[in-house]
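Step one of this worksheet: look at the structure below.
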2 protein chains.
Amino acid sequence: MMSDFTPLFDYVERLSGKVLSADEKQVFIRHFKSKKLKKRQYFLQEGDVCKYTGFIVKGSARTFTVDEKGHEHILKLSVENWWLNDFESFYQLTPSRFNIQALEDMELLQITNALVDEFIKPIPAFAAMQNIINQNYTIAAQKRMQSAISQSGEERFQELVNEYPHFLQRFPQNMIASYLGLSPETLSRIRKNALK
Amino acid sequence: MMSDFTPLFDYVERLSGKVLSADEKQVFIRHFKSKKLKKRQYFLQEGDVCKYTGFIVKGSARTFTVDEKGHEHILKLSVENWWLNDFESFYQLTPSRFNIQALEDMELLQITNALVDEFIKPIPAFAAMQNIINQNYTIAAQKRMQSAISQSGEERFQELVNEYPHFLQRFPQNMIASYLGLSPETLSRIRKNALK
DNA sequence: GCTGGATCTTGACTTTAGTCATTAAATGCA
DNA sequence: TGCATTTAATGACTAAAGTCAAGATCCAGC
């Protein structure tokens with residue numbers, strides 16, 4: 001059965017502000033492949049090259065590293081209508097420093113770098129979307145960097161509560177803690193204090 | 001006297017991998033204006049819209065915020081052959097959350113967003129450069145985020161020593177500390193320990 | 001429903017980094 | 001050169017976050 005490309009088309013059109021022709025949609029359908037991941041399965045393992053970029057139709061994932069002490073640090077939490085990949089590895093075809101793992105059962109539409117370059121990038125709406133994404137990502141990264149440098153754990157948590165309240169429902173607390181750069185115990189205590 | 005555009009042309013050609021024609025160079029010369037800043041002068045103040053993006057021909061600057069306690073946090077240190085701006089404010093024409101201040105006497109080539117869109121973006125080498133920059137910046141932001149989340153102050157300092165050794169010569173230690181998200185005292189002690 | 005693993009909470013303690021105050025050194029510049 | 005300002009170092013203390021260990025709770029799958 002064919003996957004549902006509607007979310008992807010909507011996403012590209014919305015971000016780019018351009019409309020996709022029927023022909024262009026066919027190019028997407030021809031080159032993106034449906035991929036399913038069960039909870040806990042890996043989309044990418046540290047040391048491997050990130051061959052695919054995937055559009056998340058359903059489910060969620062975390063991008064994380066493991067340090068020398070064996071502690072995991074979550075760099076990114078990804079949900080529906082986001083792209084799943086390690087930019088650096090995907091664009092430069094270098095081994096990745098990250099692991100990407102499904103936190104829920106996932107459905108992706110994925111494609112290789114080579115096919116993107118050959119068939120997808122020439123589609124103006126896609127190229128425009130890509131620039132917008134890079135721009136947005138850069139801005140978001142700058143904001144997050146600012147909070148990492150200048151705010152306490154408690155302030156970073158409050159910001160997350162305000163900006164991504166649904167994350168709190170959707171992800172276990174230890175994942176949120178790791179995303180914020182805190183130990184699970186510390187986040188537990190922060191929440192306890194915040195309730196007063 | 002006309003400013004020296006050579007560094008800018010070299011930079012655009014190097015990043016884009018394309019050559020600029022004489023006509024295209026004239027477009028640059030026509031629309032970029034030379035701007036000088038003395039040490040400590042502001043290129044941008046919090047609350048203002050970042051009207052210009054500037055290519056740094058000479059000198060250096062810091063991008064920083066001031067928190068409620070009056071503490072400054074440096075988000076970015078910029079030197080020759082980098083662009084100086086607040087992405088978010090410049091692209092979206094929203095008031096900036098950042099201050100940008102010269103750390104040394106500076107010479108910039110600057111231009112407004114509107115003029116970039118009208119005259120400069122149509123130059124293929126420039127558009128290509130911009131995408132590469134966004135890509136590189138995204139990758140760099142991810143790396144820096146990773147160290148902020150998963151490394152101690154000492155490890156972050158060691159990384160800076162390895163990656164940007166010239167920063168240590170060029171910028172006072174309290175600026176470096178702020179860039180690393182540390183108090184000046186803490187960085188002083190880290191350095192003392194590291195010398196053993 | 002029962003069970004085992006995962007998640008969360010809490011307490012006691014340690015480590016890391018920040019704060020405040022003081023002194024020393026370096027630097028700018030008149 | 002000499003003085004004022006900035007920058008850096010250090011000590012004593014405080015605050016924030018991490019660590020380790022134990023127990024409680026939740027939940028998926030049989």
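So you know, we letter chains A, B, ... as the sequences are listed, proteins then strands, and number each from 1.
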message: Aromatic contact between B/F28 and B/F5, with the criterion being ring centroids under 6.0 Å apart: yes or no?
response: no
task: Quick one: sort the A/F119 and A/H31 rings into parallel, tilted or perpendicular, breaks at 30° and 60°.
output: parallel
message: Expressed as a whole number of angstroms, how long is the span from A/I190:CD1 to D/dA16:P?
response: 11 Å
All N/O contacts under 3.5 Å from nucleotides 3-10 of chain D to the protein, with atom names and distances to one decimal?
unit_1: D/dA8; atom_1: OP1; unit_2: B/Q173; atom_2: N; d: 2.5
unit_1: D/dA8; atom_1: OP2; unit_2: B/Q173; atom_2: N; d: 3.1
unit_1: D/dA8; atom_1: OP2; unit_2: B/N174; atom_2: N; d: 2.8
unit_1: D/dA8; atom_1: OP2; unit_2: B/N174; atom_2: OD1; d: 3.4
unit_1: D/dA9; atom_1: OP2; unit_2: B/Q173; atom_2: NE2; d: 2.6
unit_1: D/dA9; atom_1: OP2; unit_2: B/S188; atom_2: OG; d: 3.2

- prompt: Can you check the B/L182 CG to C/dT16 C1' distance for me, whole Å?
  reply: 11 Å
message: Check this for me: B/Y164, atom OH, are more than 12 non-hydrogen atoms of other residues, nucleotides or ligands nearer than 6.0 Å?
response: no
- line: Whole-Å distance, B/E104 CD to C/dT27 P, equals 14 Å
statement: Looking only at heavy atoms, the pair that brings B/F43 and B/C50 closest together is CE2-SG, 4.5 Å
- request: Rounded to the nearest angstrom, tell me the gap between atom CG in A/L180 and atom C1' in D/dA17.
  value: 13 Å
message: What I want to check is whether the side chains of A/S60 and A/E104 have a donor and an acceptor closer together than 3.5 Å.
response: yes
task: Evaluate whether atom OH of B/Y52 has more than 12 neighbouring non-hydrogen atoms of other residues, nucleotides or ligands under 6.0 angstrom away.
output: no
statement: Rounded to whole Å, CG of A/L103 lies from P of D/dA28 at a distance of 15 Å
message: Does A/R170 qualify as a cation-pi partner of A/Y179, given the criterion of NZ or CZ under 6.0 Å from the six-membered ring centre and within 45 degrees of its axis?
response: no
query: Could you give the CD-to-P distance, from B/E155 to C/dT16, as a whole number of Å?
result: 10 Å
message: Quiz question: by atom type and distance under 3.5 Å, do the side chains of A/D86 and A/S96 form a donor-acceptor pair?
response: yes
message: Quick check: closest heavy atoms across A/F167 and A/I176, and the distance to 0.1 Å?
response: O-CD1, 3.7 Å
- request: Starting from P on C/dT16, measure out to CZ on B/R156 and report it in whole angstrom.
  value: 13 Å
field: B/H71 NE2 - D/dA15 P separation (whole Å)
entry: 15 Å
message: Let's see if you get this right: which residues in residues 161-170 of chain A place a heavy atom under 4.0 Å from DNA chain D?
response: none
